[in-house]
Amino acid sequence: MKEQERCAQGGENSTKAVTPLQVRKMVTRIISDITKIPEPEITGDKLIRDDLGVDSMRAIESLAVIEKEFSIVIDPDKAFLVATVNDLVKLIEDTCESLKKGAV
Amino acid sequence: MQCTFITGGTGLLGVNIVKELLQHTSGKIVLLMRKVTVEKRTGLFRDLLAFNGDQPLDLLSLQRIEFVEGDVTLPRFGLKPTRWDRLVKEVDMVYHSAAVITLSGAEHETYSVNVQGTKNVLDFALACRERGVLDRVVHVSTVAVSGNRQGTVLEDELDNGQVFNNPYEKSKFEAEKLVMKYRSIGLPVTVVRPSMVIGSSRTGFTNNFNIFYFQLRLLSQGVFDTVPITEGAVFNFVPADLAARAICLISGSRESVNNNHHIVNDHSIPVRNFFEKVSAYLGYKKPHFVSPADISPAALAGVRGKILSIYYPYVTARKAFDSSRARQILESRGFVWPAMNDASLTKMLDYCIYSGYTTLGSEVGHETGAYNA
């Protein structure tokens, strides 16, 4: 994974912060890799379960891979509230943001 | 005329029970399904043929299947009174295998199917017993009703004050408590408790990539990079076709009435060996094994931690399931569990690759010798 794609870690070893566009691109790629749904079909307004047909196991797997690739820890309670791709992108952005604040 | 009523007949175990009945009985088979569509029926027939064993399946026998649209979670399955009455008079055998089997499922949904659904099936069976010709109910439970118990679990045991690791385990325990209650009022129920059900012993085919298979995805994604294990912890897998054969042989015996039976493979696989062999064969990075005492709190945080916590009880438990009663019946009928060796496991893994469920990892290519060593 490219350095700039990682969420900012804070501290001396912090990497460059990931932009919202990069988050969206990565989320789209990860969902596409796991579900085999073409990336153009994974638009922000799509319901992850009902529109994209992502079952609970695939959803959990996607979140786990997102955690690993962004080097973040997602609150499972918040993750279960995610409905759309936009919701997921927002959750990752918020998680990265709180990580940065916590690291300062 | 024999008439067998089945719930969960399209599931991994259920479809194999249907196959066994088609091959070894001659009566009608009634399948309760939430939605009866052409797609569902076609899917069942496809799975039946895919699971076909050594004995060819007579396609004409498929005409013995009657599909009934209904829901186990509803009183009287939501059936019209005329259909309910007809079934109550006709059915002489019930196989109840419908269940929510996900360990991370929503509690209310799991309970609705596994507990309320079981109660509805037992009520149906009681009506069949009182007004019809019912001979037996076969309740498909799970070894997981033993919860967090360690050591050897006996078939006669149920409530030993164990704690449950997830809603699935507790719901199946509650369902067995219901079975005991109905037994006490005269309903003859055979309980079978399979261990982890996997694909066909002959081809590896599965129609459901359950929790066993999910581990492979997690390994392939590097999500399972650290796995806590206890030395002595083992996995017990039963191929669906063999488990169904064992269940049908047991349920066909008089001595199984009102008894419990562990449907477990005589050959377990140490957890460490399993992960090592799977990683080597599929070319995934081998996970780092740690003692449960050494697992860091960080490893149990977030979604990955949540996943790890779901598997944790199963990779760290030191327990075995005594299957004396099941074995006595099975051996008297010539059934012996084949060794769960590397080749058995390879069939499952090959099918995962063939079906596209998972892909080979980057470290494949130098694994064959290591796997078979």
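Reminder, nothing fancy here: chain letters follow the sequence lines and each chain counts from 1.
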Q) For atom CZ of A/Arg58, is the number of surrounding heavy atoms from other residues, nucleotides or ligands below 6.0 Å larger than 12? A) yes
Q. Side-chain contact, heavy-atom cut-off 4.5 Å: B/Gln221 with A/Lys68?
A. no
Q: Identify which part of A/Ile34 has an atom lying under 4.5 Å from any heavy atom of chain B, answering side chain, backbone, both or neither.
A: both
Q: May I ask you to check whether over 12 heavy atoms, not counting those of A/Lys25, lie within 6.0 Å of atom NZ?
A: no
Q) Counting heavy-atom pairs under 4.5 Å to chain B, which of A/Ile66, A/Ile74, A/Asp33 comes out on top? A) A/Ile74
Q. For A/Ala64 and B/Val303, which heavy atoms make the closest approach, and how far apart are they?
A. N-CG1, 4.0 Å
Q.
Working to the nearest 0.5 angstrom, can you tell me the gap between A/Ile60 CD1 and B/Ile310 CD1?
A. 5.5 Å
Q. If you measure from CD1 on B/Ile211 to CE on A/Met57, what distance do you get to the nearest 0.5 Å?
A. 4.5 Å
**Q.** NZ/B/Lys306: more than 12 non-hydrogen atoms of other groups inside 6.0 Å
**A.** no
Q) What distance do A/Glu67 atom CD and B/Arg304 atom CZ have between them, rounded to the nearest 0.5 Å? A) 5.5 Å
Q: Find the one option among B/Gly356, B/Ala301, B/Gly302, B/Gly222 whose heavy-atom pairs under 4.5 Å with chain A are most numerous.
A: B/Gly302
